[in-house]
Amino acid sequence: MWWVLLLSANVGVVWSYSMGAPPSTCTTMFPVHSGSSARTGPAPYFFQLVKSTYSPGESISVNLVGSGALLKGYQIQARDGNGNVVGQFTSAQGGRTINCGLENGALTHSNPMDKQGVSFTWQAPNPAVGNIVFIASIVQTYSVFWVNVKSPAITPFIIPQTPPPTQPQATTTVATVPPPTQPPVTRPPQVTTQAPKTTKVVVTQAPPVVTTTPEADMTTPDVGKVTMDDTCGTSKGCFVSCEGDSCDYVVTWKDGPDYVDFEVSSKIEMDDVYWIAIAFSNDLKMGDDDTVDCIATKTKVIVTRSFNEGKRNIPLGSVEGMKGLSRTSGSFKDGILTCKFRRSKPDLVTRRKRQAVSSKAMFDLNQKWYLMFGHGSGFERGTDLIKSMHGENPKVTPSRVDFQSVDVIGETARYPLIKVHAILMIIAWILCTGVGIVAARYYKPVWTSTNIMGQRIWFQIHRTCMVTALVLTVIGFVIIFVEAGGYSQIPKIEGKEYVQAHPPLGIIVTILAIVNPIMSIFRPGPKDEKRPIFNWAHWSVGMLAHILSVIAICFGMEMKKSTAPSYSVWVVVGYVIYHVIMEIILKSFDLYLNRSDTGRIDALGMTNTGASAQNGNHFKVPPPAYTERDTIKNPKDSTVKKLLLVFHMAIATAFTITLILLVAIYD
């Protein structure tokens, strides 16, 4: 219980700077943390620059990472030699921009959660303003932070010019090469980086980078580690998941005249057969997706196309699967699976008709599509390599990708409806049901002389809580079915196979939540001989729904799309432990009161008033069986029990708010 209160208090502290630095700190970049001072030693953080030069108006990708250290918050600016804020931040993973003299002139965090680092895109000023340095203030904890963490300087790009005539030998050599009318600036700077390959480009009459020097253009990851491609953001577009200099996966693309070159790399644990794949989709969900698969064993790699039809992946066969693909290659080395292929742009292939419906199996890459990355295991069937269902949900870009761009995408799609579903279920089954059950079990003898709108107080609390829980459950059920497009099977997660039980548990809980109030409509009268059967049935259905709902919430917290941190499950476990302890306390207190005045309790229970009170009714005029003895106040109607109910409501609310914050603000 105290652990939950402490966690709730900590959430309040973090919330004070959760939305990032205010504009008032633009000049000093000093965090507004009362009683704290900046660290003076070297910061365990550094900038990673894609390049050391910039051109006017150019977009540059930059990473701010830690050397084994996490960070909670930051403010980043780009300044020239005079200390002026320059350029604009155009995108950032999990961050937001603020106005620091210039619109979008600074970047700060948007949530207080621990981060491995931050990746962002910055647009250089036009015209150039000389050397530029990125400066950051970095918060590790509320009282531990660094100010004035600097990057290496980036300098304006200068086109090489002909050496001056003060060097006779160099002047003679250069002057004989170009015609007098052709200035040296017609030789693009990027060509000079591939000078050894220039003669081959002319002979093959193909795009120089891809056709004649594919290996130079396709960056090979370091041994045992997937790393960011150095050309991301300059000559290639990239979809990555990286922390520091290590990545889970890297997908790159490079535009060509009528094709796009792709490279996909990921670190895997190879057993028998394993696969990685990318898919082009019209939305964020699996279904009707054009897929390119890289299926591998330890000795061979196959690149082929397939198609996602609903939740199933349909192989296209050895011939049709290679249409639109060329220059395919793959390797598995030091735990890294890498595939390279050229994908033609035009929409050429039409999948065979299924159920009299014809749909396109190959998407035109001149258009924008959502890009997915997935991986999983497989098996061999004769000479064929077959994919099994992916081990976790595919990663999806947050927006459609322009494959003619060189954008660097480090974020994945978010699923707000899933968060809404989780929050509704937490309110329904942690707060509402937790309070409603306690009120019905232990508070019937309390407030015996008071009523609300003609009904006993315990009954009004119970009915309000349970009806609210029912409404929230039904809304949450509808939302998740809309989001998933119907019943959706959870992918198997290694070591967490139990998570697959979340959908059926949710369906069972929803059915029980609907059945129980329907049963209440047909309950027998207080003196009916079948009333005990109804009481046990009503109690059993309610308790079963409560238990299964808490289990389903635990499983839901383990799912990737919830984005809740792993320790959220222990918050739910803490709630269960607390709830059991509270019920034991209330039951023990009632037993103590029973022993203190047994006759008084028995007399109250035997009257019509007692029986009617169990239905929530309150008699302003005593019924015929009312006795003078019943006017004695029930010992269970005590101030202590009333305070315990208030305490229980407060703790249940604290658990609920804590879980909502973990689901809502954690990215």
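One-based numbering along the sequence shown. It should be emphasised that the depicted structure is a prediction, and the values quoted were computed from it without experimental measurement.
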Original post:
Going through the checks in order, is the side chain to side chain contact (heavy atoms under 4.5 Å, CB included) test met by T468 and L472?
Top reply: CA-CA 6 Å; T468 302; L472 295 179; 4.0 Å; yes

Original post:
Does any donor atom in the side chain of S306 or N313 lie under 3.5 Å from an acceptor atom in the other side chain?
Top reply: yes

**OP:** Indicate yes or no: at least one non-hydrogen side-chain atom of Q116 is less than 4.5 angstrom from one of V65.
**Re:** no

Subject >> Any donor-acceptor pair under 3.5 Å from T433 side chain to I430 backbone >> reply: no

Original post:
Within the distance-only criterion (no hydrogens, no angle test), does the side chain of Y370 pair as donor or acceptor with the backbone N or O of V396 below 3.5 angstrom?
Top reply: no

Subject >> Spatial distance of atom OG1 (T656) from atom CD1 (I423) [nearest 0.5 Å] >> reply: 11.5 Å

Subject >> Value rounded to 0.5 Å, distance of CG in N282 from CD in Q367 >> reply: 9.0 Å

Subject >> Heavy-atom closest pair, residues S266 and I276 >> reply: CB-CG2, 4.0 Å

Original post:
So, D229 and T252: side-chain donor and acceptor under 3.5 Å apart, yes or no?
Top reply: no

**OP:** Please confirm whether the backbone N or O of Y74 pairs with a side-chain atom of H109, one donor and one acceptor, at under 3.5 Å?
**Re:** yes

**OP:** Walk me through it: do K340 and D261 pass the test salt bridge (Lys or Arg N to Asp or Glu O under 4.0 Å)?
**Re:** CA-CA 7 Å; K340 307 170 186 177; D261 283 313; over 6 Å; no

Subject >> R342 side chain reached by V260 side chain, heavy atoms, under 4.5 Å >> reply: no

Subject >> C432 versus A469, closest heavy-atom pair with distance >> reply: CB-CB, 4.0 Å

**OP:** Name all residues meeting the side chain to side chain donor-acceptor pair (under 3.5 Å) criterion together with T297; count only those two or more places apart in sequence or in a different chain, and write none if there are none.
**Re:** T299

**OP:** Heavy atoms only: give me the nearest L107-F120 pair and the separation to one decimal.
**Re:** CD2-CB, 3.6 Å

Original post:
Would you call the rings of W253 and F262 parallel, tilted or perpendicular, where under 30° means parallel and over 60° means perpendicular?
Top reply: tilted

Original post:
Should we count NZ of K368 as having more than 12 external heavy atoms under 6.0 Å?
Top reply: no

Original post:
So, the side chain of H421 versus the backbone of I479: is there a donor-acceptor pair under 3.5 Å, distance only?
Top reply: no

Subject >> Nearest atoms (heavy-atom pairs only) where V301 meets C339 >> reply: CG1-SG, 3.9 Å

**OP:** Show your working on side chain to side chain contact (heavy atoms under 4.5 Å, CB included) between H375 and Y274 and close with a plain yes or no.
**Re:** CA-CA 8 Å; H375 63 92; Y274 206 89; 2.7 Å; yes

**OP:** Can you label the angle between the F403 ring and the F280 ring as parallel, tilted or perpendicular, going by 30° and 60°?
**Re:** perpendicular

Original post:
Considering residues at least two apart in sequence or located in another chain, which fulfil the disulfide (SG to SG under 2.5 Å) criterion with C554?
Top reply: none

Original post:
Between the side chains of T397 and W369, is a donor N or O closer than 3.5 angstrom to an acceptor N or O?
Top reply: no

Subject >> Side-chain heavy-atom pair I514, T510 within 4.5 angstrom cut-off >> reply: yes

**OP:** I would like to know whether L659 and M557 meet side chain to side chain contact (heavy atoms under 4.5 Å, CB included); could you show each step before the answer?
**Re:** CA-CA 10 Å; L659 289 170; M557 291 291 185; 3.8 Å; yes

**OP:** Applying ring pair (Phe, Tyr, Trp, His ring centres under 6.0 Å), name anything that partners F477, two or more places apart in sequence or on another chain.
**Re:** F481

**OP:** Say whether, by atom type as modelled, one donor and one acceptor occur between the side chain of N111 and the main chain of M113 under 3.5 angstrom.
**Re:** yes

Subject >> F307 side, atom CZ; I314 side, atom CD1 - distance, nearest 0.5 Å >> reply: 9.5 Å

Subject >> Atom pair CG/CG of L49 and L64 - distance to nearest 0.5 Å >> reply: 10.5 Å

**OP:** Output yes when a side-chain donor or acceptor of R400 lies under 3.5 Å from a complementary backbone atom of D283, and no otherwise.
**Re:** no

Subject >> Side-chain touch L337/C294, heavy atoms, less than 4.5 angstrom >> reply: yes

Subject >> Nearest non-hydrogen partners of G117 and L71, listed with the distance >> reply: CA-CD2, 4.3 Å

Original post:
Are I278 and K395 close enough that some pair of their side-chain heavy atoms sits under 4.5 Å apart?
Top reply: no

**OP:** Run the numbers on D293 and R305 for salt bridge (Lys or Arg N to Asp or Glu O under 4.0 Å), then give the verdict.
**Re:** CA-CA 6 Å; D293 308 317; R305 292 179 52 250; over 6 Å; no

Original post:
Is there a side-chain contact between F239 and Y249 (heavy atoms, below 4.5 Å)?
Top reply: yes

**OP:** Examine distances only and state if a side-chain atom of Q404 and a backbone atom of L365 form a donor-acceptor pair shorter than 3.5 Å.
**Re:** yes

Original post:
Any chance the side chains of D289 and T291 put a donor and an acceptor closer than 3.5 Å?
Top reply: no

Subject >> Minimum heavy-atom distance T473-M425, with the two atoms named >> reply: O-CE, 3.4 Å

Subject >> Verdict with reasoning, D290 to R343, per salt bridge (Lys or Arg N to Asp or Glu O under 4.0 Å) >> reply: CA-CA 12 Å; D290 178 10; R343 165 73 152 70; 2.4 Å; yes

**OP:** Take K267 and D248 through the salt bridge (Lys or Arg N to Asp or Glu O under 4.0 Å) test and state the conclusion after the steps.
**Re:** CA-CA 6 Å; K267 188 174 181 62; D248 293 330; over 6 Å; no

Original post:
Step by step, would you call V251 with V240 a side chain to side chain contact (heavy atoms under 4.5 Å, CB included)?
Top reply: CA-CA 6 Å; V251 180; V240 302; over 6 Å; no

Subject >> Spacing of OG belonging to S241 relative to CD1 belonging to I409, to within rounding of 0.5 Å >> reply: 13.0 Å

Subject >> Close side-chain approach of L325 and M322, heavy atoms under 4.5 Å >> reply: yes

Subject >> Distance (rounded to the nearest 0.5 Å) between T328 OG1 and F341 CZ >> reply: 9.5 Å

**OP:** Flag the pair N63 / V118 as yes when at least one side-chain heavy-atom distance between them is below 4.5 Å, and no otherwise.
**Re:** no

Original post:
Donor-acceptor pair, K419 side chain versus V663 backbone, under 3.5 Å?
Top reply: yes

Original post:
Taking the side chain from W275 and the backbone from L385, do they hold a donor-acceptor pair closer than 3.5 Å?
Top reply: no

Subject >> Test item: K115 side-chain N/O and K72 main-chain N/O as donor-acceptor pair under 3.5 Å >> reply: yes

